[in-house]
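Below you'll find the structure, written out as structure tokens, and then a few comments.
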Amino acid sequence: MIQKINRLVETVVKGFVGTSDLECVQRIPYHGGGLPDSPLFCLKADLIFRGSIPPFPDRLQFLSRPQFVETSLSREKDRFFLEDMPVHLNYKQVSTIEAELAALGNPRTSHLDTTYGLFRLHHGIPAYEKSPWLKEVKERLQTLPESFWAFQRNNLSGRLEHLLSDLAAAVFNRDPLFFQISLASFLQTLAEFLFALSRQFVCPPEELKFQLDGLGTLPPGFTGYFDSLVRDDGEFDHERRLALARHLAESVLANS
């Protein structure tokens with residue numbers, strides 16, 4: 001399976017390397033839940049360009065017979081199957097990345113909602129590099145100042161408190177849909193806050209539980225409480241879930 005993954009990455013690189021604006025290609029790594037033998041697995045890769053991103057469907061003409069093609073109209077992203085393997089390609093521009101990096105930690109200019117994009121940049125496995133630019137970006141991400149992490153923690157802690165209010169409102173109004181939406185956002189924000197405490201970028205969502213359990217900053221008893229909140233248990237009503245969510249948030253924020 002690993003040989004097939006590497007071969008398909010080479011296929012992608014060979015397909016796009018002829019475009020003069022291609023700066024680099026990275027494969028996004030997996031370490032647990034997204035391993036090749038998992039049903040969640042897909043081959044993710046970022047293609048970064050110096051100039052314009054090739055438009056759809058022109059950019060897929062470089063690939064041999066992609067199947068079940070799906071493209072995003074709002075973002076530069078294609079999903080398809082190649083040799084029966086699901087492939088997700090994200091297309092980015094150097095100028096956009098540079099602007100995002102320049103704004104990190106500045107509340108007036110930063111529009112960073114999640115550090116997942118930084119995870120992809122920092123932990124991606126290079127398959128093609130036209131210049132030392134990518135290496136230099138990785139070095140910059142490895143030495144981010146404490147002000148960046150302080151900004152992330154402050155931003156995420158405020159979001160956690162807001163989401164707790166949403167959960168409480170959903171319970172009060174007996175609104176199960178709003179409760180589920182708020183709970184999903186709460187769990188995601190709580191996890192990212194713990195990553196920020198460990199000065200780590202948040203990983204792919206299918207890896208989240210695996211990576212979260214390995215963090216060294218978890219409060220005592222966190223895993224058991226978190227698993228109870230995530231568990232699909234009809235007898236665990238919304239009032240009890242709200243109390244558990246509040247306990248988790250308080251214990252995490254107290255350790256920050």
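Since the model is a prediction, treat every value here as computed from it, not as a measurement.
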(request) Flag yes if more than 12 heavy atoms outside Asp84 fall under 6.0 Å of its CG atom; otherwise flag no. (result) no

(request) Determine whether Ile28 and Ile125 make a side-chain contact, defined as any pair of heavy atoms from C-beta on separated by less than 4.5 Å. (result) no

(message) What's the separation between atom CD in Gln200 and atom CZ in Phe119, rounded to the nearest 0.5 Å?
(response) 9.0 Å

(request) Verify the distance criterion only: is there a donor paired with an acceptor across the side chains of Gln26 and Lys138 at less than 3.5 Å? (result) yes

(request) Run the numbers on Phe201 and Leu144 for side-chain contact (heavy atoms from CB on, under 4.5 Å), then give the verdict. (result) CA-CA 11 Å; Phe201 306 129; Leu144 287 175; 3.6 Å; yes

(message) Salt bridge or not between Glu23 and Lys130? Use side-chain N to carboxylate O under 4.0 Å.
(response) no

(request) For Leu244 and Ser228, work out which heavy atoms get closest and say how close. (result) CD2-CB, 3.8 Å

(request) For residues Arg65 and Leu82, determine if any side-chain heavy atom of one lies less than 4.5 Å from a side-chain heavy atom of the other. (result) no

(message) Would you compute the distance between atom CG of Leu22 and atom CZ of Phe49 and round it to the nearest 0.5 angstrom?
(response) 5.0 Å

(message) I'd like to know if Arg153 and Glu146 make a salt bridge, using a cut-off of under 4.0 Å between side-chain N and carboxylate O.
(response) yes

(message) Between Asp46 and Tyr91, is there a side-chain donor-acceptor contact under 3.5 Å, judged purely by atom types and distance?
(response) no

(message) Between Arg241 and Asp237, does any side-chain N to carboxylate O distance fall below 4.0 Å?
(response) no

(request) Carefully, step by step, assess Leu104 and Phe151 under the rule side-chain contact (heavy atoms from CB on, under 4.5 Å). (result) CA-CA 9 Å; Leu104 291 182; Phe151 173 75; over 6 Å; no

(request) Let me see the working for Leu212 and Phe222 under side-chain contact (heavy atoms from CB on, under 4.5 Å), right down to the final yes or no. (result) CA-CA 10 Å; Leu212 189 62; Phe222 175 88; 4.2 Å; yes

Can I get a per-line list of side-chain donor-acceptor pairs under 3.5 Å for residues 183-195, giving both atom names and the distance, sequence neighbours left out?
from   : atom 1 : to     : atom 2 : distance (Å)
Ser185 : OG     : Ile181 : O      : 3.3
Thr189 : OG1    : Ser185 : O      : 2.8
Glu192 : OE1    : Thr114 : OG1    : 3.1
Glu192 : OE2    : Thr114 : OG1    : 3.3
Glu192 : OE2    : Thr115 : N      : 2.8
Glu192 : OE2    : Thr115 : OG1    : 3.2

(message) Would you compute the distance between atom CD of Gln152 and atom CG of Leu197 and round it to the nearest 0.5 angstrom?
(response) 11.5 Å

(message) I need the minimum non-hydrogen distance between Arg174 and Pro176, along with the two atoms involved.
(response) O-CD, 3.3 Å

(message) Using 0.5 Å steps for rounding, measure from the CZ atom of Arg120 to the CZ atom of Arg27.
(response) 12.0 Å

(request) Any chance you could measure Gln211, atom CD, to Ser198, atom OG, to the nearest 0.5 Å? (result) 11.0 Å

(request) Indicate the atoms forming the closest heavy-atom contact of Pro204 with Lys44, along with that distance. (result) CB-NZ, 4.1 Å

(message) So, taking the atom named CG in Leu121 and the one named CG in Leu134, what distance separates them when rounded to the nearest 0.5 Å?
(response) 7.0 Å

(request) Step through the shown structure and confirm whether more than 12 heavy atoms of other residues, nucleotides or ligands are within 6.0 Å of CZ on Phe56. (result) yes

(message) With a 4.5 Å cut-off on side-chain heavy atoms, are Ser131 and Arg50 touching?
(response) yes

(request) Could you tell me whether the side chain of Met85 reaches within less than 4.5 Å of the side chain of Leu8, counting heavy atoms only? (result) yes

(request) Start with the C-alpha distance between Arg231 and Asp227, add both sets of side-chain angles, then the distance that settles salt bridge (charged side-chain N to carboxylate O under 4.0 Å, His left out), and finish with yes or no. (result) CA-CA 6 Å; Arg231 187 172 63 242; Asp227 289 348; over 6 Å; no

(request) Heavy atoms only: give me the nearest Ala127-Val9 pair and the separation to one decimal. (result) CB-CG1, 3.5 Å

(request) Output yes when Glu70 and Lys77 qualify as a salt bridge under the 4.0 Å nitrogen-oxygen rule, no when they do not. (result) no

(message) Counting C-beta onward and ignoring hydrogens, is there a side-chain heavy-atom pair between Arg79 and Thr71 closer than 4.5 Å?
(response) no

(message) Looking at every heavy atom in both Pro219 and Ser251, which two are closest together, and how far apart are they?
(response) CG-O, 3.9 Å

(request) Measure across Phe16 and Arg59 and return the closest heavy-atom pair with its distance rounded to 0.1 Å. (result) CZ-O, 3.3 Å

(message) Is the shortest side-chain heavy-atom distance between Ile97 and Ile48 below 4.5 Å?
(response) yes

(request) For Thr96 and Lys92, indicate whether the former's side chain and the latter's backbone hold a donor-acceptor pair under 3.5 Å. (result) no

(message) According to a hydrophobic-cluster definition based on side-chain heavy atoms being under 4.5 Å apart (Ile, Leu, Val, Met, Phe, Trp, Tyr only), do Val230 and Leu208 belong together?
(response) yes

(message) For a 4.5 angstrom cut-off between non-hydrogen side-chain atoms, does Glu98 reach Trp133?
(response) yes

(message) In the structure I gave you, are the side-chain heavy atoms of Leu167 and Phe178 within less than 4.5 Å of one another anywhere?
(response) no

(message) Just checking Lys4: does its NZ atom have more than 12 heavy atoms from other residues, nucleotides or ligands closer to it than 6.0 angstrom?
(response) yes

(request) Using the side-chain contact (heavy atoms from CB on, under 4.5 Å) rule, pick out the option among Cys42, Pro66, Pro86 that qualifies with Phe81. (result) Pro86

